[in-house]
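Let me begin by presenting the structure, written as structure tokens, before commenting on it.
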Amino acid sequence: MKLNWLNLEFETSSDNLENRFREKYFSSNLRHLRNCHLYTIAFYAAAGYIDYLFFKEDLFWLFLIRFLIVIPIFITGFFFSFSRYYKKSWQLISLFYVLLTGFSFIASMVIGDPPKAYDYYLGIFFCMVFGYTFIRLRFIYAAISGMVLLTAYLLVSKLIIDLPDYYLFLSTFYLMLINFLGMIISRHSEISARKDFHLEYVLLKAREEIVDLNNTLDERIKERTQALIEANKDLRNEISDRKRIERKLRETQNTFTVLFNEAPDPIFIINMEDKILDANIAACQMLGYTPDEYTQMSVLELQAPEVRTTQSGIIKKELLKGELFESMDIHKDGTRIPVEINNHRTIINGKEIVLSVVRDITKRKEIEETFKKLQAQLLQAQKMESVGRLAGGVAHDFNNMLSVILGHTELALLRTDDKQKLCSDLNEIQKAAKRSANITKQLLAFARKQTISPRQLDLNDTVESMLNMLRRLIGEDIDLVWQPAAHLWSVKMDPTQIDQILANLCVNARDAISGVGKLTIETGRKTFDEEYCNEHAGFIPGDFVLLAVSDNGCGMDKDTLDKLFEPFFTTKEVGKGTGLGLATIYGIVKQNNGFINVYSEPDQGSSFKIYLPRLVTDEDIDKAAPEKKAAAGGTETILLVEDEPTILRMTRMMLERKGYSVLSAATPVEAVDLAKTHADKIHLLMTDVIMPEMNGRDLAGQITARYPDIGLLFMSGYTSNVIAHHGVLDDGVAFIQKPFSMAEMTAKVREVLDMTSDRNQ
């Protein structure tokens, strides 16, 4: 906005901006101008009354000036403001009013008596000059009117009235100051009005341009809309196709997600750097990790440490080849899980990945192991049956011949004098024939074709009757310990077969002990249910009488145990054993519907446990069997240590079914690590006695150093008497003998926990 500094007019403009402003300014100030007319008339009327009070002698002239000249002029101007011609001359008329008013007051000063009217009229004049200068006039008119009135006042005051100099100086100063302030106010008011007008004008022009642009835009929009309508038809079809594809994709993705997470086998998605990208719910359940934890791991971290260190290269190779292979994974709590892994390489989003399907083959391994054992037992049984038939036939024929030899020898001895040399020869023949007869008895027992006379026996009485003979048999260097169980059930068996079993086992124990040693014979009662027998191959459900023979000799390795009951297999030197002793025992036990288990470790002795079926008599049937109460469970934490994987898993399952929290370890070193890293309390250590790396006592020492109040429960296939010889058990330390049922185990665990709790209180 460009204004002329002197008259504040808009500079030349093609839009005739000045005329627009004046018209706008007039219309907005017309009401104000009319009010000014009325205020002036009222003011002059009031001033006339004041003149009457102060200037009665000059009343005619003052009345003539005000009421006959000035007021009629203002009344005429007021009514003229309603004329359509007023708009063209309103600024000049306003200027005339200001000058007329000012000159009328100056005339009043001349006519009136200055000593009486000077101060009064000077004040009125100041007010009128300020007031009319403040009226919304154009700046140039306000400036002119103020200067004209000031000049007129100075001339009248100096020439006609002859005011004193100090009055003239002060009044002139105030008049100039007021006039200057009025000029500034008038200028500011007009500039502000012109700025507001210019802003409105600019906004109006902008609005008009916007309207034009909107009209143009509407035209273009109509054109584009028509084009868009045409294009929208194609786009709508394309969107419909895309939505259909997206819906199909979502359905496919949802189907994949459901199948992925509902798959019964664990599934891992792995990149070519062995990092796990995703895992399904079955994978989380199998190994105990969350999906977020899996994404922070590599596939090798899922492998058991022994597999990870020895087969990491093989696993990577199989992973890249995408083939089926077996491995050993490790649960988050440390449990080993044998798995079968089937990998498939594919490409997704341009990246090569491996889809790894993992299957827990624990059951299959157990079935395979059971199958191997059963197959071995079948082969063993077939072998034993074949050899038994051969041995039975040979023994039968050989027994007939021995009968002839012994009979003729006895007849010959009757006819021979004892002093004759022939008599001693006949005695040697008779001894050899009797020894051969004993061998044939073993062959017949092995072949289960021995003629036996079974009868009801108390096994304790039968064993006690043989103790003296057995002590002479094993020698004085070996301590024979007899531990009979109270209230033993009866068995139905030929007592000579018990003699054969004990004799063979004691001789073998004597040969396994070098120097001084201990041999333990004990009896007991055992009951096995269907559930337990399903987990233990070779066991038969029912009530059994236990006959256990244990020694602390040299023990046997696994290869020897696998062949232990084969006929003619022996570890003794040539000439010191026939290899028929244990085969004979096996045959006797099977002939009486029992079974036998052997526990042995190299340099840890051996324990033979023979289970003979209980004889149920009418008296036993009449007796009401006491109701068996289920052993109470608990919520304590148990550290379970067992080097045999199947027993570890089975025992863990038994304890967890009873509500216990189980930390399982396959080695003593792993158990120590678990004890160090476990944050909460461990209430019970349940450990095997004989293990590689460390025995049960040493492990218990390390664990009790960290958990002084922990309970201890040792388990072993050996009898407690034999184990105590190795320095493992002290008085008061709990022990449970393998095999044990779930009821026996949980009852013993509860007993030890309660005893430990009472001791620590």
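For the single chain, residues carry numbers from 1 onward in sequence order. Computed from heavy atoms alone, side chains included, the values below leave out hydrogens, waters and symmetry copies.
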What orientation do Phe528 and Phe544 show, parallel under 30°, tilted 30 to 60°, or perpendicular over 60°? tilted
Using modelled atom types only, decide if a donor and an acceptor are shared between the side chain of Thr651 and the backbone of Leu648 within a distance under 3.5 Å. no
Just so I know, are the side chains of Tyr660 and Leu640 near enough to count as touching, which here means a heavy-atom distance under 4.5 Å? no
Distance-only, no hydrogens or angles: does the Arg336 side chain make a donor-acceptor pair with backbone N or O of Gly334 under 3.5 Å? yes
Indicate yes or no: at least one non-hydrogen side-chain atom of Met745 is less than 4.5 angstrom from one of Met686. yes
Kindly say whether Ala485 contributes a backbone atom to a donor-acceptor pair with the side chain of Asn460 at under 3.5 angstrom? yes
Please examine the side chains of Leu502 and Leu547, heavy atoms only from C-beta on, and report whether any two atoms are closer than 4.5 Å. yes
Between Thr527 and Asp543, is a side chain to side chain donor-acceptor pair (under 3.5 Å) present by the stated rule, with each step listed? CA-CA 4 Å; Thr527 300; Asp543 296 331; 2.8 Å; yes
Sub-4.5 Å side-chain heavy-atom contact between Ile521 and Met466: no
Can you confirm whether Thr462 sits close enough to Met493 that some side-chain heavy atom of one is under 4.5 Å from a side-chain heavy atom of the other? no
Taking Arg510 for its side chain and Ile478 for its backbone only, find out whether a donor-acceptor pair lies under 3.5 Å. no
Rounded at 0.5 Å granularity, tell me how far CD1 in Ile337 sits from NZ in Lys365. 14.0 Å
Option from Leu546, Thr523, Ile610 for which side-chain contact (heavy atoms from CB on, under 4.5 Å) with Leu459 holds: Thr523
Would you say Arg706's side chain and Ala675's backbone share a donor-acceptor pair under 3.5 angstrom? yes
